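Contents: one structure, followed by commentary.
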Amino acid sequence: MNIMYVSTRNADERVTASQAVLKGLARDGGLFVPEKIPALDLPLESLAGMSYQETAYEVMKRFLTDYTEEELKDCIRKAYDDKFDTKEIAPLRKEGGVYYLELFHGSTIAFKDMALSILPYLMTAAARKNHEEHEIVILTATSGDTGKAALAGFADVPGTRIIVFYPKNGVSPIQEKQMVTQKGKNTCVIGIHGNFDDAQTGVKRLFSDRQLEEELQKEGFCFSSANSINIGRLVPQVVYYVYAYGRLLKNGGIQAGAPMNVVVPTGNFGNILAAFYAKNMGIPIGKLICASNENRVLYDFFQTGTYDRNREFVLTSSPSMDILISSNLERLIYHASGRDAEKNALLMRQLTEMGHYTVSDEMRAAMCDFAGGYATEQQTFAEIQRVYGESGYLLDTHTAVASSVYHRDFSKECADTPAVLVSTASPYKFARSVMTAVDPKYAEMGDFALIDELHAISRVPVPRAIEEIRNAPVLHDTVIEKDEMKTAVKRFLTAGRA
């Protein structure tokens, strides 16, 4: 079955999978979604015997139907190789009666590696398939992890350039150091005075700027995105939920057909939306538990049916979740509206113009699989300390949000169903917050002294990603106002051209 993709805001914009990957964002500002979520039409028992790479192929071939078998397998082989520090790629570790799906074993020690390791290959294959002769410019906003993972994936990839905007003072010191030391002649990292929503809004504005598009096309460039708004980011994320179910089957944690619950620390909503797609493919997933930090816009939405970004923006110890505009929620809203692009477009206009929208009771009923919870900073730190004290297992701040929400709000009612908590980053990436949670005495130590102390108490090897930046020089030091993003893009792309 050939799967086509449509815009969430215009049913008439219809493209192939490779075209959706290449474009990133629809011309009307909508997100590309498959006309139908394909079924994973194979016996669940067979998942237990599959490697991560084999699982990835079975999932992705059903979504990316205009890629050939050779193209997809080549992309998967190049993406999921020894850049990951474990052959499992995404280990499922049981601690304290729950399973932690560790998605941080890639080259930048965060879950974004799972999709951004393969996106450059999907995109360059799509460019060849669609005879795209322009140089592809990857334009991305990051709340911390997407930026480095995208930079690592696209660095020095022929025919591409990548520009990453991040909120200055809105990411962890390790996250910032990873980005500003990035090598690659085609890379550009820019801090903005503002928060992630400002960066994300600015990037979307650049995508919809037709005058800029025409100017850059004359210079030989075309825009695409590495954010989770790109369907080429979302589809690879579906894989690890299918793989997690296979691991549970293999280790006897579940019987085929029995449900598992998933708990996802969520900011931009892409990660948990991928679980929703996996469920609709046929993976038995019960509750989709959306865990928020003190920026609880998603929790409030699932409680009330009103999405309202008109609130104070809180900087927390889980910066990748410090988001008030969760872009991928639009895909769920579109699904809940009965795939009504006109209704969805109206709600998105209300969000842009008034900062809020309210869905109908029927739409809320269509989202009944989702449940929300949130953790305060105090609860997050307490959870890191509790889990470490009981098992010696260290959680990063984002995973701790998910763990806190699950154990406080859901563990009793869900006691008979295996819970898979998505572990989105290595504790090394947020060493200061993690170590301070374990013992406040660590608060006075330097960043890399904390890394060494974390290694000493956890006995987990220091990742290559951390060792590489200890003494790496800063290569990107540009910081701008949020209204200067267009000028900065043009400056980088036309530098050196007469």
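The model shown is predicted, which means the values in this text are computed figures rather than measured ones.
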Does [X] use its side chain to pair, donor to acceptor, with the backbone of [Y] at less than 3.5 Å?
X: His455; Y: Val460; answer: yes
X: Gln379; Y: Thr376; answer: yes
X: Tyr243; Y: Glu88; answer: yes
X: Ser326; Y: Asn268; answer: no
X: Lys429; Y: Thr108; answer: yes
X: Ser208; Y: Arg205; answer: yes
X: Ser391; Y: Val387; answer: yes

Salt bridge or not for [X] and [Y], using N-O below 4.0 Å?
X: Arg311; Y: Asp300; answer: yes
X: Arg386; Y: Glu383; answer: yes
X: Lys441; Y: Glu444; answer: no

Would you say the side chains of [X] and [Y] form a donor-acceptor pair under 3.5 Å?
X: Tyr299; Y: Asn293; answer: no
X: Ser404; Y: Thr380; answer: no
X: Thr146; Y: Lys112; answer: yes
X: Ser403; Y: Tyr100; answer: yes

Check: In terms of ring plane angle, is the pair Phe370 and Phe302 parallel, tilted or perpendicular, where the classes change at 30° and 60°?
Finding: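 Phe370 and Phe302: parallel rings.
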
Margin query: Looking at Arg408, I'd like to know if its CZ atom is crowded, meaning that more than 12 non-hydrogen atoms belonging to other residues, nucleotides or ligands lie closer than 6.0 Å.
Written below: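 For Arg408, atom CZ is crowded (more than 12 foreign heavy atoms under 6.0 Å).
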
Notebook entry, point to check: Is the count of non-hydrogen atoms from other residues, nucleotides or ligands lying under 6.0 Å from Lys250 atom NZ greater than 12?
Noted result: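 No, not enclosed.
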
Checklist line | pair Ile174-Phe430: side-chain heavy atoms closer than 4.5 Å | finding: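 No - every pair of side-chain heavy atoms lies 4.5 Å or more apart.
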
Check: Would a 4.5 Å heavy-atom cut-off, applied to side chains only, mark Met435 and Ile457 as touching?
Finding: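 Yes, side chains in contact.
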
Next item on the list: Go through the structure and list residues passing side-chain hydrogen bond (donor to acceptor under 3.5 Å, both in side chains) with Glu95, not counting sequence neighbours.
Entry: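 Arg93.
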
Mind checking side-chain contact (heavy atoms from CB on, under 4.5 Å) for [X] and listing every partner two or more places apart, or none if nothing turns up?
X: Phe492; answer: Arg161, Ile163, Cys188
X: Pro427; answer: Leu394, Val434, Leu454
X: Ala419; answer: Val98, Tyr406, Leu421
X: Thr181; answer: Lys177, Ile469, Ala472

Side-chain donor-acceptor pairs of residues 478-487 under 3.5 Å, sequence neighbours excluded:
{"residue": "Glu484", "atom": "OE1", "partner": "Glu481", "partner atom": "N", "Å": "3.0"}
{"residue": "Lys486", "atom": "NZ", "partner": "Asp209", "partner atom": "OD2", "Å": "2.9"}

Check: Phe196 pairs by side-chain contact (heavy atoms from CB on, under 4.5 Å) with which of Asn295, Asp322, Ile323?
Finding: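 With Phe196 as partner, side-chain contact (heavy atoms from CB on, under 4.5 Å) holds for just one option, Ile323.
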
